[in-house]
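We name chains A, B, ... by the order of the sequence lines, and we start the count at 1 in each one.
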Protein chains: 2
Amino acid sequence: MTAASRLSWIDVRDVIRARILAREYGLGAKLPRDEDLAAELGCTRTTVHRAMQDLAAAGLIDRKRKGGTHVLADPITRATIDIPVTRSEVLALGRAYAHRLISAQRAPSPAPITARFGAAQPRDMLHIGALHLADARPYMLEDRWVDLATCPEILAVDFAQISANEWLVRHKPYTRVEMRFFAINADAETATQLGCKAGEALLTVERTTWLGDAPITTVQAIAAPGYVLASKS
Amino acid sequence: MTAASRLSWIDVRDVIRARILAREYGLGAKLPRDEDLAAELGCTRTTVHRAMQDLAAAGLIDRKRKGGTHVLADPITRATIDIPVTRSEVLALGRAYAHRLISAQRAPSPAPITARFGAAQPRDMLHIGALHLADARPYMLEDRWVDLATCPEILAVDFAQISANEWLVRHKPYTRVEMRFFAINADAETATQLGCKAGEALLTVERTTWLGDAPITTVQAIAAPGYVLASKS
DNA sequence: AAGTGGTCTAGACCACCTT
DNA sequence: AGGTGGTCTAGACCACTTG
């Protein structure tokens, strides 16, 4: 027999999750109140709360004050993706990192870029093209816009020494980020830059960041063929 | 002046986050002990702990017992992606949903599929091809393998009535999932099935799920051209 | 209006990890 | 071996949201 010294929130979570998985609490069903579960399992409401918090974060249940706790009627699969600085990502693969500046021009943001930030008017920006290399081969192509009102210091950065990607991450923290993932066919120019055939399928990640409400940067990162993005454990 | 009735963990989190963003605690720097922060800010250690928990989940800090709390030396961008049942996804777009079974054959898993599960030996599986439609147009193409040892009931399912995707999500909960995102060029067969041109770039999501250590299913979902996967707010 | 989850306090003990 | 974060309890009050 196992001595149950005290019930940890992980135990509680596992019990509740098991009941959900076994459909003891079916899809869309309402769970007992935290207090009742606490009484039933022999722990504090705080402990049940901690367990529920974890299940909610995992996307298994939905909680509302007064409304109670419900199993999600439409189950979802939730994945977390970590995107490191490209230099670190390459180094972590055990490959040599380098980057190359392609272009950097000051210009007002074109409509699609303005729209990404949800801004009404075009903004004064720096438009940067850059290529990340792994073992001297093209790894990722960046097409980036940096808001100069929020981030004037970028004008003084020497992109021969540090990529815009890394400079921004290290010097311009953000509070909000939106990401979009999609696939594109390499056009002629992209193919040349990435050293692949025109038409090849390329995974593309679009990232836009803000500091509060102020736009910082938006980037379209086009990965070389074969790139795979994996979810965190 | 604002009356500070009591300090909520969100306030504490914002203070600490602001310090990190302002590089008051620089990259890789060690933060004060929870207890000291609590004393400084005038709240309980529990409240500081709750704030730290949030910052750790966001990927800003790293905590270790005895080691203390550190700002991550290599900042990462963390995104969460929710993947609903395909039917729900289509309906949420305000489009009509339908699905079509392409094939369903019992077969031992080929090496690449066996490997996805980390299994040593081929397993008895059901191989299913299916097409999801939105407004009667191809939306997503599924190439799925279901483990029959774990999930024999799948053999009795009528895929004319419910897609394997939805049946599994509703009847076979999982405890672990791994996802991979990449881009592929449509081959001739895929192009025909998705109603696009051969060679078009298609976003592909590979999902593999387990219940404990037991394999459940692995699926390669190929989205029609134009598909975009967005991170959760 | 009231029920339910969310949070805070105060204090104690535990467990992990670095030193 | 000791310091730090992790957790649990017990009780109180708060705030959202639904009936």
Original post:
Which of residues 68-75 of chain B have a heavy atom under 4.0 Å from DNA chain C?
Top reply: none
Original post:
Got a sec? Which of residues 16-35 of chain A come in under 4.0 Å of DNA chain D, heavy atoms?
Top reply: none
Original post:
With a 4.0 Å cut-off, would you call Arg19(B) and Glu40(B) a salt bridge?
Top reply: yes
Original post:
Earliest and latest nucleotide of DNA chain C, 5' to 3', sitting under 4.0 Å from a non-hydrogen atom of chain B?
Top reply: dT7(C) to dT18(C)
Subject >> Worked verdict on Arg87(B) versus Glu166(B) for salt bridge (charged side-chain N to carboxylate O under 4.0 Å, His left out) >> reply: CA-CA 8 Å; Arg87(B) 186 173 68 81; Glu166(B) 187 159 6; 2.7 Å; yes
Original post:
Would you say the side chains of Arg144(B) and Thr217(B) form a donor-acceptor pair under 3.5 Å?
Top reply: yes
Original post:
Just by distance, with hydrogens left out, do His132(B) and Glu142(B) show a side-chain donor and acceptor under 3.5 Å apart?
Top reply: yes
Subject >> Touch class at under 4.0 angstrom, heavy-atom based, for Ser8(A) against every strand present >> reply: sugar-phosphate
Original post:
For the helix from dA1(C)-dT18(D) to dT18(C)-dA1(D), what angle lies between the axis at the first five pairs and the axis at the last five pairs, to 10 degrees?
Top reply: 30°
**OP:** Taking Thr209(B) for its side chain and Tyr174(B) for its backbone only, find out whether a donor-acceptor pair lies under 3.5 Å.
**Re:** no
**OP:** Evaluate the side-chain proximity of Tyr227(A) to Phe182(B): yes if any heavy-atom separation is below 4.5 Å, no if none is.
**Re:** no
Original post:
If you look at every strand shown and take non-hydrogen atoms under 4.0 Å, does Thr47(B) touch a base, only sugar-phosphate, or nothing?
Top reply: sugar-phosphate
**OP:** Decide whether Glu89(A) and Tyr97(A) meet the rule of one side-chain donor and one side-chain acceptor closer than 3.5 Å.
**Re:** no
Original post:
At what distance, to the nearest 0.5 angstrom, does CG of Asp147(A) lie from OG of Ser109(A)?
Top reply: 8.0 Å
**OP:** Could you list all the side-chain hydrogen bond (donor to acceptor under 3.5 Å, both in side chains) pairs where at least one residue sits in residues 59-73 of chain B, not counting sequence neighbours?
**Re:** Asp34(B)-Arg63(B), His49(B)-Arg63(B), Arg63(B)-Thr69(B)
Subject >> pair Arg207(B)-Thr77(A): side-chain heavy atoms closer than 4.5 Å >> reply: yes
Original post:
Do side-chain atoms of Asp135(A) reach the backbone of Arg137(A) as a donor and acceptor pair under 3.5 angstrom?
Top reply: no
Original post:
Can Thr208(B) and Val177(B) be said to form a side chain to side chain contact (heavy atoms under 4.5 Å, CB included), step by step?
Top reply: CA-CA 6 Å; Thr208(B) 307; Val177(B) 58; over 6 Å; no
**OP:** Starting from C1' on dG5(D), measure out to CD on Gln53(B) and report it in whole angstrom.
**Re:** 12 Å
Atom pairs, protein N/O to nucleotides 17-19 of chain D N/O, distance under 3.5 Å:
from	atom 1	to	atom 2	distance (Å)
dT17(D)	O4'	Arg65(A)	O	3.3

**OP:** Might you work through the salt bridge (charged side-chain N to carboxylate O under 4.0 Å, His left out) test for Glu206(A) and Arg116(A), ending with a clear yes or no?
**Re:** CA-CA 10 Å; Glu206(A) 188 182 288; Arg116(A) 273 192 217 167; 3.6 Å; yes
**OP:** Look up atom NZ in Lys172(A) and atom OG1 in Thr150(A), then write down how far apart they are to the nearest 0.5 Å.
**Re:** 7.0 Å
**OP:** For Val12(B) and Ala51(B), work out which heavy atoms get closest and say how close.
**Re:** CG1-CB, 3.7 Å
